[in-house]
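So that the names make sense, note that chain A is the first sequence line, chain B the second, and so on, each numbered from 1. All values below were derived from every heavy atom in this structure, side-chain atoms included, with hydrogens, water molecules and symmetry-related copies excluded.
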Amino acid sequence: MNQPNSNANPNAPLTKTMDNIVALCRRKGFVFQSSEIYGGINGFWDYGPLGVELKRNLKEAWWHDIVRCPGRGPDGKIIDMVGVDCTIIMNPKVWVASGHAAGFADPMVDCRACKSRFRADHLLDLLKESKWVESLVLAVSENQASNVNFDVAWVNRWAVNKGKKLAPNLYIVKNPVMNLPAYSPDSGQQGLPMNWLLHLVAGSHAAGKPILPCPDCGGELTEPRQFNLMFQTYVGAVQSEDSMAYLRPETAQGIFANFKNVTDTSRVKVPFGIAQTGKAFRNEVTPRNFTFRSREFEQMEIEFFIRPDTAKEWYAYWRDARFNWWKSIGLAGENLQLREHDKDELAHYAKEGAGTSDIEYRFPFTAPGFGELEGVAHRTDFDLRQHAEHSGLGDKLKYFDQELQVKMQGQGVAKEEIAAKSKYFPHVIEPSAGADRGTLALLCEAFTPDPSRPSGVVMKFKPRLAPIKAGIYPLVNKDGMPEVAEKLYMELRGRYAVEYDEKQAIGKRYARMDESGTPFCFTIDGDTLKDQTVTVRHRDTLQQERIGLDKVGAFLAEKIGG
RNA sequence: GCGGGUGUAGCUCAACGGUAGAGCAUCAGAUUUCCAAUCUGAAUGUUAGGGGUUCGAGUCCCCUCACCCGCUCCA
């Protein structure tokens with residue numbers, strides 16, 4: 001975000017940089033820093049009067065299009081979708097079952113010499129790829145048949161030559177004349193020969209404990225430290241180990257935990273989806289890039305439950321449907337892309353699945369790269385199985401597919417087989433979107449510098465998403481115009497977010513509308529009083545037209561849609 | 001967490017270690033006939049916060065916080 005700030009020169013045209021977008025968000029009341037008057041708090045953001053409308057519009061569009069009016073699936077049938085609203089704090093066993101309690105805590109090590117940081121569980125892999133280790137292994141293996149019982153003299157020789165350049169902070173480079181002990185597989189060291197070699201050159205014998213050197217410089221690493229991304233809290237007034245709980249790191253588990261409740265009460269049948277919006281919390285190591293990586297954020301998640309053998313088609317369906325949805329709300333240009341994950345970046349539960357893809361937006365701070373808006377993943381039956389096991393419900397958590405049962409009965413399948421196959425754990429396609437990231441993408445997409453306008457910038461939100469749909473203004477604050485404008489405002493405000501303003505010159509009011517992204521202005525002028533028409537001012541084109549005073553509501557309904 | 005940088009009114013910036021200011025924006029009144037118009041007036045600061053040096057600190061020193069950049073991390 002360290003882009004040149006065009007505000008430094010008030011005469012220079014505004015540019016589409018993150019600094020300028022953040023400044024507009026602050027100035028117009030889209031986004032504020034949380035607890036700003038106390039100096040803020042890292043990784044937390046508030047939405048102001050305009051921002052809350054924008055984010056609500058995004059979430060409501062999602063809820064409307066996903067839960068109320070989902071389309072037809074790949075099977076041609078109307079999609080079955082219901083919603084839930086689960087608590088942020090759940091029984092801590094949920095996070096043991098989901099794997100978050102263990103998996104969200106990454107042990108990290110730091111290099112004391114060069115200050116690099118690594119994941120402790122990636123250390124060996126990083127070392128194998130390290131330049132100085134490559135050189136060392138080459139030097140050692142060139143000079144003997146076995147890399148197990150090598151001569152320590154060769155290691156010392158490497159240390160004073162190549163090692164000095166490649167790994168300046170390595171133990172044996174700093175202590176090249178030491179008498180190295182004879183490490184061998186029989187001396188109690190565990191693991192691969194690579195390990196012994198690394199422990200040897202890192203001076204493990206001197207430190208009295210097995211330590212590994214820094215992949216970058218060979219320096220001494222700190223003990224692994226836990227970086228737990230889960231927010232902890234306590235339930236009840238007394239804090240103790242027993243009362244410890246977590247703020248959810250994702251909303252998905254509330255859906256899985258309620259799977260049985262929903263199927264028992266709502267008459268949904270596989271394939272069907274459960275949708276939820278809500279806050280989630282992660283102690284990110286580095287909150288960065290405005291609201292993009294916040295520690296408190298809101299998700300819009302669907303868990304779509306399917307027969308395992310239909311995973312491919314449903315995965316493809318949701319991937320494309322979600323991509324098109326983001327297009328439909330205004331992220332239509334080249335800044336939106338769909339990216340299929342490579343196998344090696346898949347989450348543990350998705351390795352065997354039909355795939356994972358990200359819907360990504362090119363934010364000013366990621367450009368020319370992209371940042372994730374939504375992930376669509378085939379989660380297999382991992383979560384339901386985990387909850388079946390950890391809750392003790394076992395097979396009771398399985399879905400009973402009566403349609404399948406009837407079908408198999410018709411085919412004359414054996415009774416035992418029908419009993420076994422008609423109860424199963426459905427697989428899951430999970431489209432998981434970020435509401436705050438979506439809002440941020442809408443803000444970035446809308447931000448359009450325009451030197452020809454007094455405001456210098458116009459926020460081109462689609463009417464459906466715009467925080468304010470229309471401004472209703474008397475051209476001048478007299479001659480009966482305010483009365484007519486106020487009456488129109490009172491008629492419209494029950495249905496639409498509209499604004500009434502009678503102060504200052506009309507040009508100033510239009511300019512403010514450009515910055516808040518209001519797509520239409522209805523201006524009551526002298527002619528209105530004669531022929532009952534008003535001027536419509538279009539934000540994007542600056543063009544004006546006249547329509548009947550009684551047509552304004554229908555005009556908005558048509559333009560906003562939905 | 002590590003390293004580097006930044007922090008003065010809503011914004012953009014001034015102020016030699018010696019009384020914190022300007023422009024724009026905002027608000028009020030007047031004016032008015034379609035794009036930040038004009039006139040008059042008003043409000044605005046614990047100089048990020050705390051401590052220290054000094055007769056005196058926005059300015060020098062230390063600590064904390066926040067933000068930015070790089071590293072790291074990112075189910």
(message) Measuring to OP1 and OP2 of B/C27, would you say a side-chain N or O of A/Q504 lies under 4.0 angstrom away?
(response) yes
(message) Distance check needed: B/C67 P versus A/N20 CG, whole Å only.
(response) 19 Å
(message) Looking only at the side chains, is there a donor atom on one of A/D19 and A/T17 sitting less than 3.5 Å from an acceptor on the other?
(response) no
(request) Take atom C1' in B/A42 and the same atom in B/A25, then report the distance between them in whole Å. (result) 14 Å
(request) Report the distance from atom CZ of A/F363 to atom P of B/C74, rounded to the nearest whole Å. (result) 20 Å
(message) When the P atoms of B/G52 and B/A14 are compared, how many Å lie between them, rounded to an integer?
(response) 30 Å
(request) Remember a base hit wins even if backbone is also touched, and classify A/R509 as base, sugar-phosphate or nothing at under 4.0 Å, heavy atoms. (result) nothing
(message) Tell me if the centroids of the rings in A/F292 and A/F363 come within less than 6.0 Å of each other.
(response) yes
(request) Starting at atom CE of A/M481, determine the distance to atom P of B/U32, rounded to an integer number of angstrom. (result) 11 Å
(request) Kindly say if A/R512 contacts the phosphate of B/U26, meaning a side-chain N or O under 4.0 Å from OP1 or OP2. (result) yes
(message) If I take atom OH in residue A/Y473 and atom C1' in nucleotide B/A36, what distance separates them, rounded to the nearest angstrom?
(response) 13 Å
(message) One thing to verify: whether A/D514 and A/R453 come together as a salt bridge, which I'm taking to mean a side-chain N less than 4.0 angstrom from a carboxylate O.
(response) yes
(request) Output yes when at least one side-chain N/O atom of A/K503 is less than 4.0 Å from OP1 or OP2 of B/G29, else no. (result) yes
(message) Over all strands shown, is A/Q33 touching base, sugar-phosphate only, or nothing at heavy-atom distances under 4.0 angstrom?
(response) sugar-phosphate
(request) Could you tell me the separation between the NZ atom of A/K478 and the P atom of B/U33, rounded to a whole number of Å? (result) 8 Å
(message) Under 4.0 Å, heavy atoms only, any strand: does A/D525 hit a base, just the sugar-phosphate, or nothing?
(response) base
(message) Using a heavy-atom cut-off of 4.0 Å across all strands, would you classify A/D479 as base, sugar-phosphate, or nothing?
(response) base
(request) Take atom NE2 of A/H538 and atom C1' of B/C34, then tell me their distance rounded to the nearest Å. (result) 14 Å
(request) Would you tell me if any nitrogen or oxygen in the side chain of A/N42 comes within less than 4.0 Å of OP1 or OP2 on B/C67? (result) yes
(message) Check whether A/R509 reaches the backbone of A/K503 with its side chain - one donor and one acceptor, N or O, closer than 3.5 Å.
(response) yes
(message) With rounding to the closest Å, how many angstrom separate the P atoms on B/G7 and B/A48?
(response) 8 Å
(message) Counting the atoms with a prime plus P, OP1 and OP2 as sugar-phosphate, which does A/G456 contact under 4.0 Å by heavy atoms, base, sugar-phosphate, or nothing?
(response) nothing
(message) Rounding to an integer number of Å, can you tell me how far A/R248 CZ sits from B/A75 P?
(response) 19 Å
(request) Have a look at A/E502 and say if it touches a base, only the backbone sugar-phosphate, or nothing, with a 4.0 Å heavy-atom cut-off. (result) nothing
(message) Both A/P287 and A/P454 contact RNA chain B. Taking the nearest nucleotide for each, which residue is further toward the 5' end?
(response) A/P454
(message) Does B/U26 have OP1 or OP2 under 4.0 Å away from a side-chain N or O of A/K508?
(response) yes
(message) Distance check, P atoms only: B/G10 and B/U26, in whole angstrom units.
(response) 15 Å
(message) In this structure, how many angstroms lie between the P atom of B/G70 and the CZ atom of A/F365, rounded?
(response) 12 Å
(request) Determine the Euclidean distance between corresponding C1' atoms of B/G23 and B/U8; express it in Å to zero decimal places. (result) 15 Å
(message) Out of the candidates A/E301, A/H100, A/H387, only one should pair with A/Q253 under the side-chain hydrogen bond (donor to acceptor under 3.5 Å, both in side chains) rule; please name it.
(response) A/H387
